[in-house]
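Following: one structure in structure tokens, then a few remarks.
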Amino acid sequence: MSTTSTLIQFRLNGEPVSRQVEPHHTLLELVRECGLHGARESCGQGLCGCCTIVVNGQAVTGCIYPAMHAEGAEVGTIEGLEQDGQLDPVQQAFMDAGALQCGFCTPGFILMARQLLRQNSEPSDHEIRHFLAGNLCRCGAYPEIIEAVKLAGQRMRAAA
Ligand code: FES
Ligand code: FES
């Protein structure tokens, strides 16, 4: 074990986790080493949103977020959204609206869309585009993604 490594403790999708991390370790590497592969590395530079992870309720780009900063945090990934076999409403809306092709970008979009809908359950197309501007989809599924966010918002408002 390296002398620079540090033991951190945090909660990952509600479960307590302890891990040794190095200063250069990213949160993306950490969650993937914990067996959660929904967050992916694409650009590796904080530019595409494929590595989105939620830390204490805020979305972060896991590829540039130091793993050590997860000490004591509540960390959430796409794998934590499903409850009792039921997809989260945003996940379900992405499925129903056909808002994915290869799916590589999808976890990041879904986590960001959830953040948006928590702040604004009826966003306009412009507000959705603006909020999701940091997430890139190489397949170009943007029109369906916007529809999915609106559909999820409708359903969440109806269920409130
Ligand atoms: S892989 Fe992290 S922002 Fe692109
Ligand atoms: S669905 Fe393929 S990159 Fe977005």
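In listed order, ligands and their atoms are each counted from 1. It should be emphasised that the depicted structure is a prediction, and the values quoted were computed from it without experimental measurement.
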Task: Under 2.8 Å: N/O/S of Cys48 next to atom 4 (Fe) of ligand 1 - done: yes
Task: Backbone or side-chain N/O/S of Cys43 under 2.8 Å of atom 4 (Fe) of ligand 1 - done: yes
Task: Whether Ala141 lies under 4.0 Å from ligand 2, heavy atom - done: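 In this structure, Ala141 fails to qualify as a contact of ligand 2 - no heavy atom is under 4.0 Å.
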Open item on the list: Do Gln92 and Asp96 pair up side chain to side chain, a donor and an acceptor below 3.5 Å, judged on atom types alone?
Closed with: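 A pair is found: one side chain offers a donor N or O, the other an acceptor, under 3.5 Å apart.
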Task: Asn13 and Glu79 side chains, donor-acceptor separation under 3.5 Å - done: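 No, because no side-chain N or O of Glu79 sits under 3.5 Å from a partner of the opposite role on Asn13.
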Task: Gly38 backbone acceptor or donor facing Arg40 side chain under 3.5 Å - done: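 It does hold such a pair.
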Open item on the list: Looking at every heavy atom in both Gln45 and Cys63, which two are closest together, and how far apart are they?
Closed with: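 Heavy atoms of Gln45 and Cys63 come nearest at N-SG, 3.7 Å.
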- [ ] Looking only at non-hydrogen atoms, find the nearest pair between Ala70 and Val75 and report the distance.
- [x]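 It is CB-CG2, 4.2 Å.
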Open item on the list: For a 4.5 angstrom cut-off between non-hydrogen side-chain atoms, does Thr26 reach Ile64?
Closed with: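 They are not in contact (no side-chain heavy atoms under 4.5 Å apart), so the answer is no.
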- [ ] Please tell me if the side chains of Leu116 and Val149 come closer than 4.5 Å, counting only heavy atoms from C-beta onward.
- [x] yes
- [ ] Examine Cys137 and say whether one of its N/O/S atoms is closer to atom 4 (Fe) of ligand 2 than 2.8 Å.
- [x]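 Within the cut-off used here (under 2.8 Å), Cys137 does place an N, O or S atom near atom 4 (Fe) of ligand 2.
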Task: Cys105 backbone or side-chain N/O/S under 2.8 Å from atom 4 (Fe) of ligand 2 - done: yes
Task: Numbered atoms of ligand 1 (with element) below 4.0 Å of Gly46, judged on heavy atoms - done: 3 (S)
Task: Subset of ligand 1 atoms that lie under 4.0 Å from at least one heavy atom of Gly49 - done: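 Here the atoms of ligand 1 in question are 3 (S), 4 (Fe).
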Task: Backbone or side-chain N/O/S of Cys50 under 2.8 Å of atom 2 (Fe) of ligand 1 - done: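 For Cys50, the answer is no, given that no N, O or S atom comes within less than 2.8 Å of atom 2 (Fe) of ligand 1.
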TODO: If you have a sec, read the angle at atom 2 (Fe) of ligand 1 from Cys51 atom SG over to Cys63 atom SG, to 10 degrees.
DONE: 110°
- [ ] Below 4.0 angstrom from a heavy atom of Gly103, which ligand 2 atoms are there? Numbered from 1 as shown, please.
- [x]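 Listed by number with element, the hits are 1 (S), 2 (Fe).
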Task: Electrostatic pair Lys150:Glu147 at N-O distance under 4.0 angstrom - done: yes
Open item on the list: Give me the nearest non-hydrogen protein atom to atom 1 (S) of ligand 2 as residue plus atom name, then the distance to 0.1 Å.
Closed with: Gln101 N, 3.2 Å
- [ ] For atom 3 (S) of ligand 2, grab the closest protein heavy atom and report residue, atom and distance to one decimal in Å.
- [x] Arg138 N, 3.3 Å
Open item on the list: Below a 4.0 angstrom heavy-atom separation, can you tell me which part of Leu47, side chain or backbone, both or neither, approaches ligand 1?
Closed with: backbone
Task: Aromatic Tyr142 / basic Arg129 pairing, under 6.0 angstrom, 45° off normal - done: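 That pair does not qualify as a cation-pi contact.
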